[in-house]
Amino acid sequence: MGFLQLLKSQFLCHLVICYVFLVSGLIINLLQLCTLPLWLVSKQLARRVNIRLAYCIASQLVAALEWWSGTECTLYTDPENYPLYGNEKAIVVLNHSFEIDFLCGWTFCERFGVLGSSKVLAKKELAYVPIIGWMWYFLEIVFCKRKWEEDRRTVAQSLQNLHDYPENYWFLLFCEGTRLTPKKHQVSMQVAESKGLPKLKYHLLPRTKGFWITVQNLRGTVAAVYDSTLNFRNNQVPTLLGILNGKKYHADLYVRRIPLELIPEDEAECAAWLHHLYQEKDSFQEHYAKTSRFPGPTVSPPRRPWTLINWLFWCCLLLYPLGLLLTQLISSGSVLTIVVSVALCTAASLGVRWMIGQTEINKGSSYGNKEAPLNNN
Ligand SMILES: CC/C=C\C/C=C\C/C=C\C/C=C\C/C=C\C/C=C\CCC(=O)SCCNC(=O)CCNC(=O)[C@H](O)C(C)(C)COP(=O)(O)OP(=O)(O)OC[C@H]1O[C@@H](n2cnc3c(N)ncnc32)[C@H](O)[C@@H]1OP(=O)(O)O
Ligand SMILES: CCCCCCCCCCCCCCCCCC(=O)OC[C@@H](O)COP(=O)(O)O
């Protein structure tokens with residue numbers, strides 16, 4: 001193990017990184033709160049300001065992936081579509097099997113200049129995660145309870161609000177609705193069988209309602225669906241803790257651009273279209289398992305310096321006062337102050353550990369573990 005690698009695995013380094021993320025995140029959340037009056041004066045300006053503030057948070061995690069862990073990302077796509085990426089609004093459909101799939105998604109957003117504005121159909125529980133969840137309120141992220149009776153109205157309303165959004169965004173949909181586990185896969189294949197649908201080997205059966213409502217409500221503003229299939233080289237199982245430890249991964253993303261006009265408007269036809277899409281995605285994963293690559297030409301969009309610059313800026317701004325505080329603390333010699341400070345640091349570390357836990361599959365929800373009861377209506 002080289003010196004740099006050893007350094008990256010040190011707990012003290014992790015503490016410093018987490019301190020910068022936590023304090024800068026809370027400062028940015030506060031700044032976002034200060035933009036509230038601006039929404040009344042100029043909604044579009046408030047949105048643009050919040051896009052930039054959100055970039056300051058999200059890009060720290062992207063910097064950890066790109067610069068700290070040195071993870072590489074290869075894109076498999078039709079070169080003809082490449083110039084359109086980042087220059088139009090799009091819905092992204094992505095498989096949900098990896099703990100850092102959202103972060104790889106963010107990395108591609110960063111490289112195509114849409115990181116600050118990008119959106120997702122997220123489970124409501126994530127809205128309460130400090131920093132990221134709070135940041136999402138100001139980005140007009142669409143939350144769902146995964147209870148269709150409630151979601152059909154609230155999700156449609158939130159999507160309608162995006163019609164006059166001033167900047168290009170990618171709207172991410174994990175149609176599987178939850179992360180893949182062997183148990184969830186087994187249950188979902190029972191559902192597939194009961195519906196007479198072909199079995200999927202690498203995906204859960206997609207939930208079609210969220211996709212249909214998104215396509216219908218964003219029609220006219222969004223140009224295309226980017227069907228995206230993610231995998232990692234050498235059967236790597238990437239985690240956020242691995243990233244923090246400086247472990248390098250190699251992500252491969254296969255993207256097909258499908259113009260929105262090609263997606264059926266009728267709900268049943270749209271559902272059938274999505275099921276067919278997932279059968280195709282399954283065949284791409286099979287291809288990857290056999291050949292260690294996706295079909296088609298590759299391109300590696302370069303990482304940009306902005307994530308690193310933003311990260312270094314916050315480090316410089318926040319590490320100096322921390323240094324002063326620590327010096328004062330030690331020189332004060334007060335046992336009580338030292339004990340209180342250690343307790344605060346422990347609480348903050350546990351808080352960050354809890355946040356990281358939100359990304360861990362083995363701490364995931366039980367959604368999809370049981371087949372939904374048959375609806376009598
Ligand atoms: C060039 C580069 C391109 C791309 C780069 C890639 C990506 C970058 C893009 C953007 C990045 C932006 C942000 C990323 C940052 C962070 C993201 C982080 C995380 C958020 C992720 C989540 O929170 S995922 C969870 C929430 N989302 C979803 O659930 C979406 C999918 N779900 C739905 O659509 C659902 O339909 C619903 C939520 C709208 C409603 O759910 P509900 O459960 O109430 O209803 P359902 O319709 O799903 O259920 C009833 C029907 O389902 C059948 N059923 C029952 N059991 C199962 C089962 N186990 N599996 C499958 N189906 C089942 C049941 O029979 C019913 O069937 P019907 O025929 O009646 O529909
Ligand atoms: C700069 C680096 C600092 C690193 C330290 C701080 C890290 C804190 C990171 C917190 C990130 C929280 C973002 C939440 C994104 C979670 C994405 C996700 O995958 O959600 C799961 C849902 O889709 C489905 O849930 P399940 O039904 O599977 O359950």
Side-chain angles (χ1 to χ4, degrees), residues 58-59 62 65-66 70-98 100-121 167-176 200 202-203 206 211 214-215 218 221-236 238 248-263 273-274 276-304 306-307:
S59 78
V62 174
L65 181 102
E66 294 183 332
T71 292
E72 286 182 43
C73 301
T74 302
L75 181 63
Y76 292 71
T77 197
D78 181 349
E80 263 188 32
N81 292 329
Y82 195 84
L84 295 170
Y85 300 150
N87 291 314
E88 61 184 6
K89 291 177 181 156
I91 296 168
V92 175
V93 171
L94 186 62
N95 54 311
H96 207 9
S97 341
F98 301 100
I100 62 158
D101 48 17
F102 78 96
L103 190 49
C104 290
W106 263 351
T107 303
F108 282 99
C109 290
E110 153 60 17
R111 295 183 189 197
F112 290 95
V114 289
L115 177 60
S117 56
S118 277
K119 322 240 164 278
V120 60
L121 176 55
E167 295 195 13
N168 289 328
Y169 59 77
W170 291 347
F171 188 95
L172 177 63
L173 259 177
F174 289 116
C175 295
E176 292 159 88
L200 301 170
Y202 301 96
H203 298 87
F211 177 74
T214 304
V215 168
L218 293 184
T221 32
V222 158
V225 167
Y226 296 168
D227 167 38
S228 307
T229 310
L230 178 72
N231 213 326
F232 286 83
R233 300 247 169 117
N234 310 316
N235 295 317
Q236 287 170 328
K248 180 178 176 155
Y249 302 109
H250 195 134
D252 284 319
L253 184 74
Y254 179 39
V255 179
R256 295 184 303 163
R257 181 185 182 277
I258 304 163
L260 210 75
E261 309 81 76
L262 298 185
I263 296 161
W273 184 92
L274 189 69
H276 181 251
L277 187 87
Y278 270 75
Q279 285 148 29
E280 288 182 336
K281 288 169 87 66
D282 225 45
S283 71
F284 302 146
Q285 292 289 24
E286 183 70 17
H287 185 280
Y288 193 90
K290 286 189 177 142
T291 64
S292 303
R293 68 183 319 283
F294 286 119
T298 65
V299 53
S300 292
R303 59 182 182 184
R304 307 188 307 166
W306 308 118
T307 56

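In this text the structure is predicted, and so the values were computed from the model without any measurement. Computed from heavy atoms alone, side chains included, the values below leave out hydrogens, waters and symmetry copies.
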With sequence neighbours excluded, residues passing salt bridge (Lys or Arg N to Asp or Glu O under 4.0 Å) with E167: R48, R52
message: Please find the pair of heavy atoms, one from F174 and one from L94, that lie closest to each other, and give the distance.
response: CD2-O, 3.4 Å
message: Under a plain distance cut-off of 3.5 Å, with no hydrogens placed, do T229 and Y202 share a side-chain donor-acceptor pair?
response: no
task: Could you check whether the rings of F112 and W170 sit parallel, tilted or perpendicular, using 30° and 60° as the cut-offs?
output: tilted
query: How far apart are the closest heavy atoms of V114 and N168, and which atoms are they?
result: CG1-O, 3.6 Å
query: Any sub-3.5 Å donor-acceptor pair from Q285's side-chain atoms to L230's backbone N or O?
result: yes
- prompt: When rounded to the nearest 0.5 angstrom, what is the spacing between OG1 in T214 and CG in L173?
  reply: 4.5 Å
task: Can you label the angle between the W106 ring and the F102 ring as parallel, tilted or perpendicular, going by 30° and 60°?
output: perpendicular
field: Check: L253 and C104 side chains under 4.5 Å, non-hydrogen atoms
entry: no
- request: Compare every heavy atom of E176 with every heavy atom of N95, then report the nearest pair and how far apart it is.
  value: CA-OE2, 3.2 Å
query: What's the spacing between F284 CZ and Y278 OH if we round to 0.5 Å?
result: 12.5 Å
- prompt: So F294 and Y254, would you call those rings parallel, tilted or perpendicular, with 30° and 60° as cut-offs?
  reply: parallel
statement: For S59, the side chain to side chain contact (heavy atoms under 4.5 Å, CB included) test, sequence neighbours excluded, returns Y55, L115, T307, N310
message: Under a 4.0 Å threshold between the charged nitrogen and the carboxylate oxygen, would E280 count as salt-bridged to R256?
response: yes
field: Listed partners of E286 passing salt bridge (Lys or Arg N to Asp or Glu O under 4.0 Å), at least two apart
entry: K201, K290
task: Measure the OH-OG1 distance between Y82 and T77 for me, rounded to the nearest 0.5 Å.
output: 9.5 Å
message: Run V255 and L75 through side chain to side chain contact (heavy atoms under 4.5 Å, CB included) and show every step you take.
response: CA-CA 7 Å; V255 179; L75 181 63; 3.5 Å; yes
- prompt: Mind checking what makes side chain to side chain contact (heavy atoms under 4.5 Å, CB included) contact with E88, not counting sequence neighbours?
  reply: L84, A223, A224, Y226, R257
- prompt: Any side-chain heavy-atom pair from S228 and L172 closer than 4.5 angstrom?
  reply: no
- prompt: NE2/H96 to CG/D101 distance, rounded to the nearest 0.5 angstrom?
  reply: 5.5 Å
message: R303: which residues meet the side chain to side chain contact (heavy atoms under 4.5 Å, CB included) condition with it, sequence neighbours left out?
response: E66, W67, R111
task: Check the pair W273, V215 against side chain to side chain contact (heavy atoms under 4.5 Å, CB included), reporting the backbone distance first and the verdict last.
output: CA-CA 12 Å; W273 184 92; V215 168; over 6 Å; no
message: Ignoring hydrogens, what is the shortest heavy-atom contact between F108 and P301? Give both atom names and the distance.
response: CE2-CG, 4.1 Å
query: Just by distance, do the side chain of Q236 and the backbone of H250 share a donor-acceptor pair under 3.5 Å?
result: yes
Distance in Å, L277 CG paired with D227 CG, rounded so as to fall on 0.5 Å steps: 4.0 Å
- request: Nearest 0.5 Å please: distance from the OH atom of Y85 over to the SG atom of C109.
  value: 13.0 Å
query: In chain order, what residues pass the side chain to side chain contact (heavy atoms under 4.5 Å, CB included) check against T291, with sequence neighbours excluded?
result: H287, R293
- line: Closest non-hydrogen contact found for Y169 with S118 is CB-CA, 4.3 Å
